[in-house]
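Here is the naming used below: chain letters follow the sequence lines, and residue numbers restart at 1 for every chain.
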Amino acid sequence: MDRDDRSNTGAWQGPKLSVDLAGVRLQNPLVLASGIWGSAAGTLARAGRAGAGAVTAKSCSIEPRRGHPNPTVLQWGHGLINAVGLSNPGAEEECRELQAAKEQLGGTGVALIASVFGETPEAFAQAVLALLPASVDLVEVNISCPNVAAELGRPFALDPGPAASVTEAVRSVYSGPLLVKLSPNAPEIAQVARSVVEAGADGLTVGNTLGPGMIIDLEARRPVLSNRVGGVSGPAIRPIAVRCVYEVAAAVDVPIVGTGGVRTGADAMEMIMAGATAVGIGSALEDEGEEVFGRITRELDQLMRQLGIKSLDEIRGCAHV
Amino acid sequence: MCSDVYTVYRVVSRRQESEGGASLVLDGSLRADPGQFVMVWLPGIEERPLAVMNDRPLSLTIRDVGPFTHAMCRLQEGDRVWVRGPYGHGFDVRSRRMLLVGGGSGIASLTLLASRSLDEGREVRVALGARTSSQLMLGWRFDELGIPVLYATDDGTVGARGTTVDAIEPLLRAGWPDAVYACGPEPMMIALGRRLRGTDLPLYLSFERTMKCGFGVCGNCHLGDQLVCRDGPVFEGEKVLRVLDPLAE
């Protein structure tokens, strides 16, 4: 529901949770992170109906990909580790799902974000072109998957030059709101952020999973993931994600989707104080499913009341002291 | 517990399940609700979801259809399996006279339901189907429990020629069951749903899907807006047949 700080009668309506993400209005700052719940129209729409401000589809490439064999996604005690390996049905099929998702989300005010990846900057651009008929609200460019280095090489997100090349290639074919998803593994994430913004990004998702990490089973005497290594997510990486958002917010002047280990309203507020406009929610769905969106929104609302905060705009980046 | 992820069990006994299948009894228990599943890993091979055929001791039934299930079927006494779970929502049991309908490897999702329900004083009958007699699984388990079994095979080699939906017709006409519980190939479950449409018999369907996580994160097993691993694998029939059956309203 729309939540402005004054109604027509001028009465106090409670804190303002809506935000502007690269020109797209979100009813609340929570964004279903890419890769969670796949790309099926039904599940994306369900997350939207449950109270996400925006939902992001799983990353797709031009051609379908099978991804890695199981085990691929595990709970390791302090979050998740995954090496799904960018499995996806290919851009053509993804486009149909996104069209259906858009239809199912019609009238809810929930924004739909597509996500793409490719082996080369040109392949990223082609994937975006293939998705254009879906008329999504934003496109996220995933240059930071840590699980496919063997096939796709060093992630583009680790270095300013390659990250900018992908951004430029996509920018040349797509004029709508464009997010680029950075990696917490980049040694100089602020430099990558600067070059991506100069290349035309309208916003940044900060960031992807951390690592890669590894879990070894003592009795099997081998890594559990079939890919041996996988991206680490969940509460364990939150302080690192917050630091990344902080550094990026200091370096560039575009909206940030702060993503990494957020599970509570307080976690979300921390991201916003670090400089995030919106907040990605991913691994948190492992416990409570889509109800996480309603809970975190309520907690954020309560916290804002307690702390006397009327709008998220008031506290965005306030921790930069 | 040998990692934060899996519990390791050893195979205590193995039973050949007709053609190309096996049941494995493991050396420990795993408290599970009937209809829940586990993720089973064979290091170096793969990890897949499997029904909990029995929970005390944990027992699994596998049909040999691919590299993972082939390796599972070849396990011998003393061999190890890595198990995480149980996951998902099982069967909601409120009825007094329960009719269970199983096909193929789906039958393994019904055995724990049958034994637990008998313990609770409910009446249980079962219809099991397969293409041919050599593909029928787990009939022995229902015999062991003393549950009457109706068989149906496409070629008539055991029981009635036809489907399980044909085989249960007399019981339905007689008004015997209070509810129907099924797991098997999706065409079987769609046919069952069509037969029961318009009756007031509750129908619960358990689904088998490929999965990655098993706990509601990856979205791989979605069925419409439902996640088989987390919202299921057991669903109220009407809820999922709306998505699956092209003839449903």
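In this structure, the portion of B:Met39 lying under 4.5 Å from any heavy atom of chain A is its side chain and not its backbone. Within the 4.5 angstrom heavy-atom criterion, no atom of A:Leu44 approaches chain B.
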Identify each donor-acceptor pair in which a side-chain atom of residues 103-110 of chain B lies under 3.5 Å from a protein atom, sequence neighbours left out, and give them as a table.
unit_1   : atom_1 : unit_2   : atom_2 : d
B:Ser105 : OG     : B:Glu208 : OE2    : 3.1

Candidate pair B:Asp231 and A:Arg46, rule side-chain contact (heavy atoms from CB on, under 4.5 Å), full reasoning
CA-CA 13 Å; B:Asp231 304 311; A:Arg46 177 174 166 182; 2.7 Å; yes

Apply side-chain contact (heavy atoms from CB on, under 4.5 Å) to B:Phe215 and A:Val73, showing your working.
CA-CA 9 Å; B:Phe215 48 85; A:Val73 188; 3.9 Å; yes

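Counting heavy atoms of neighbouring residues, nucleotides and ligands inside a 6.0 Å radius, atom CZ of B:Arg194 exceeds 12 of them. Around CZ of A:Arg238, the count of heavy atoms belonging to other residues, nucleotides or ligands within 6.0 Å exceeds 12. Atom CZ of B:Arg80 has more than 12 neighbouring heavy atoms from other residues, nucleotides or ligands inside a 6.0 Å radius. The number of heavy-atom neighbours closer than 6.0 Å to CD of B:Glu238, taken from other residues, nucleotides and ligands shown, is 12 or below. Applying the 6.0 Å contact sphere to CD of B:Glu236 captures no more than 12 heavy atoms from other residues, nucleotides or ligands.
Contacts classified as side-chain hydrogen bond (donor to acceptor under 3.5 Å, both in side chains) and involving residues 80-91 of chain A (residues at least two apart or in different chains) are given here: A:Ser61-A:Asn88.
The nearest pair of heavy atoms linking B:Arg230 to A:Gly289 is NH2-N, 2.9 Å. For the residue pair A:His68 and B:Lys212, the shortest heavy atom distance occurs at O-NZ, 4.3 Å.
Residues of residues 96-110 of chain A lying within less than 4.5 angstrom of chain B, judged on heavy atoms, are absent.
With contacts defined as side-chain heavy-atom distances shorter than 4.5 Å, the pair B:Val217/A:Gln75 does not qualify. Looking only at side-chain heavy atoms (C-beta outward), B:Glu47 and A:Leu74 come within less than 4.5 Å of each other. Annotation: side chain of A:Trp37 is not in contact with side chain of B:Asn220 (no heavy-atom distance under 4.5 Å). Between B:Trp82 and A:Pro71, every side-chain heavy-atom pair lies at or beyond the 4.5 Å cut-off. Between A:Thr43 and B:Leu227, the closest side-chain pair of non-hydrogen atoms falls below 4.5 Å. Taking the side chain as every heavy atom from C-beta outward, A:Asn70 and B:Trp41 never approach each other to under 4.5 Å.
For the side chain to side chain donor-acceptor pair (under 3.5 Å) test, residues two or more places apart in sequence or in another chain that qualify with B:Arg94 are B:Asp92.
In this structure a side-chain-to-backbone donor-acceptor pair under 3.5 Å is missing from B:Asp225 to A:Gly42.
Note: A:Arg222 leads A:Glu286, A:Arg222, A:Lys58, A:Arg221 in heavy-atom pairs under 4.5 Å with chain B.
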